[in-house]
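These numbers were taken from a predicted model, which means no experiment stands behind them. Each ligand, and each atom within it, is numbered from 1 in the order the structure gives.
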Amino acid sequence: MWFKKKKTKQLVVPKHVAIIMDGNGRWASKRGLPRLAGHQAGVEALKRVVRASQFEGVEYLTVYAFSTENWNRPEDEVMGLMDLIVFFLKRDLKELSREGVRIRTIGDISALPSEPLKEILDAVESTQHNLGLQLIIALNYGGRQEIVTATQKIARDCLSGLIAPEAITESLFSDALYTTDLPDPDLIIRTSGEIRISNFMLWQSSYSEYFFTDLLWPDFDHEALLTAISAYASRDRRFGKVKKV
Ligand code: FPP
């Protein structure tokens with residue numbers, strides 16, 4: 001892996017950063033451009049932030065690219081977003097893979113159209129042994145849907161006698177989620193000034209720190225990531241315990 005990770009002395013770098021990439025549409029309409037132009041600029045921001053995350057020593061970067069609710073957008077926007085996933089992987093995968101990036105997904109990707117599905121599956125498979133930044137793309141993802149799907153799986157295992165209801169623990173439940181072997185996000189960033197969770201990583205965010213910025217996603221860059229990481233580093237994470245003295 002040629003990408004040199006920076007040794008950060010002062011900042012406590014979050015191991016797992018998750019981002020709700022919001023504001024593409026507003027970025028485009030401010031410029032009199034179609035919404036899709038905002039999503040295109042969003043892909044460039046994503047590439048910048050992958051780079052910046054590698055540089056700062058973030059180990060896991062999860063990005064909310066397409067929610068279970070996004071199917072309700074106009075068909076040309078949905079198809080445009082699917083095309084952008086294909087475009088991003090065709091253009092950037094080789095380079096990212098050379099840098100050690102491992103691509104993963106969370107969400108029900110089986111519902112994606114065949115071309116983006118194939119590109120995504122190929123990317124996940126071809127990068128599975130990479131040891132650098134893990135880029136987790138949330139696609140057709142919804143936190144409630146994830147919890148319901150996990151519950152159905154556990155209920156089936158109970159009915160078949162594989163596990164007793166008493167054996168259901170937080171850890172067993174976590175293992176039934178898409179994020180099964182991923183650490184919970186330490187820092188969740190949402191751009192565009194909206195202050196809500198929008199069905200993102202509901203279970204996994206129990207003890208995450210949130211950072212909200214007015215910047216629109218296409219304007220987000222390395223400096224903006226550092227601002228978020230600095231805010232995170234200044235927080236006192238107690239996980240429900242009392243402060244150590
Ligand atoms: C929210 O902005 C953004 C999305 C629903 C899509 C995010 C997608 C990308 C950044 C590009 C594609 C991703 C990959 C992985 C290639 P919005 O459209 O809701 O913005 P608005 O609130 O201003 O309308």
Ion pair check, [X] and [Y], cut-off under 4.0 Å:
| X | Y | result |
| --- | --- | --- |
| Glu194 | Arg26 | yes |
| Arg238 | Glu209 | no |
| Glu223 | Arg48 | no |
| Asp22 | Arg190 | yes |

Considering only protein heavy atoms, which is closest to [atom], and at what distance to one decimal place?
| atom | value |
| --- | --- |
| atom 14 (C) of ligand 1 | Leu46 CD2, 4.0 Å |
| atom 1 (C) of ligand 1 | Met21 O, 3.2 Å |
| atom 12 (C) of ligand 1 | Val43 CG2, 3.9 Å |
| atom 22 (O) of ligand 1 | Arg26 NH2, 2.9 Å |
| atom 16 (C) of ligand 1 | Phe88 CB, 3.6 Å |
| atom 19 (O) of ligand 1 | Arg73 NH2, 2.8 Å |
| atom 9 (C) of ligand 1 | Asn24 ND2, 3.8 Å |

May I have the list of side-chain donor-acceptor pairs in residues 111-122 shorter than 3.5 Å, sequence neighbours left out?
from   : atom 1 : to     : atom 2 : distance (Å)
Glu115 : OE2    : Lys90  : NZ     : 3.3
Lys118 : NZ     : Asp122 : OD2    : 2.7

Legend entry - Which of the ligand 1 atoms, numbered from 1, are nearer than 4.0 Å to a heavy atom of Arg35: 17 (P), 18 (O), 24 (O)

Quick check: [X] and ligand 1, any N/O pair under 3.5 Å apart?
| X | answer |
| --- | --- |
| Asn70 | no |
| Gly25 | yes |
| Trp217 | no |
| Asp22 | yes |

Legend entry - Sidechain-backbone polar pair: Ser205 side chain, Ser208 backbone, donor-acceptor under 3.5 Å: no

Legend entry - Any Gly23 heavy atom less than 4.0 Å to ligand 1: yes

Anything under 3.5 Å between a donor and an acceptor, one on a side chain of residues 11-19, the other on a protein residue two or more places apart or in another chain? List them.
from  : atom 1 : to     : atom 2 : distance (Å)
His16 : ND1    : Pro183 : O      : 2.8
His16 : NE2    : Thr62  : OG1    : 2.7

Inset, instruction - Run down the list Ser198, Gly80, Ala65 and name the one with the heavy atom closest to atom 13 (C) of ligand 1. - result: Ala65

Legend entry - Which atom of Ala41 lies closest to which atom of Pro218, heavy atoms considered: CB-CB, 3.7 Å

Legend entry - CA sep, side-chain torsions, deciding dist, call: Glu95, Arg51, salt bridge (charged side-chain N to carboxylate O under 4.0 Å, His left out): CA-CA 11 Å; Glu95 196 182 334; Arg51 285 271 143 70; 3.0 Å; yes

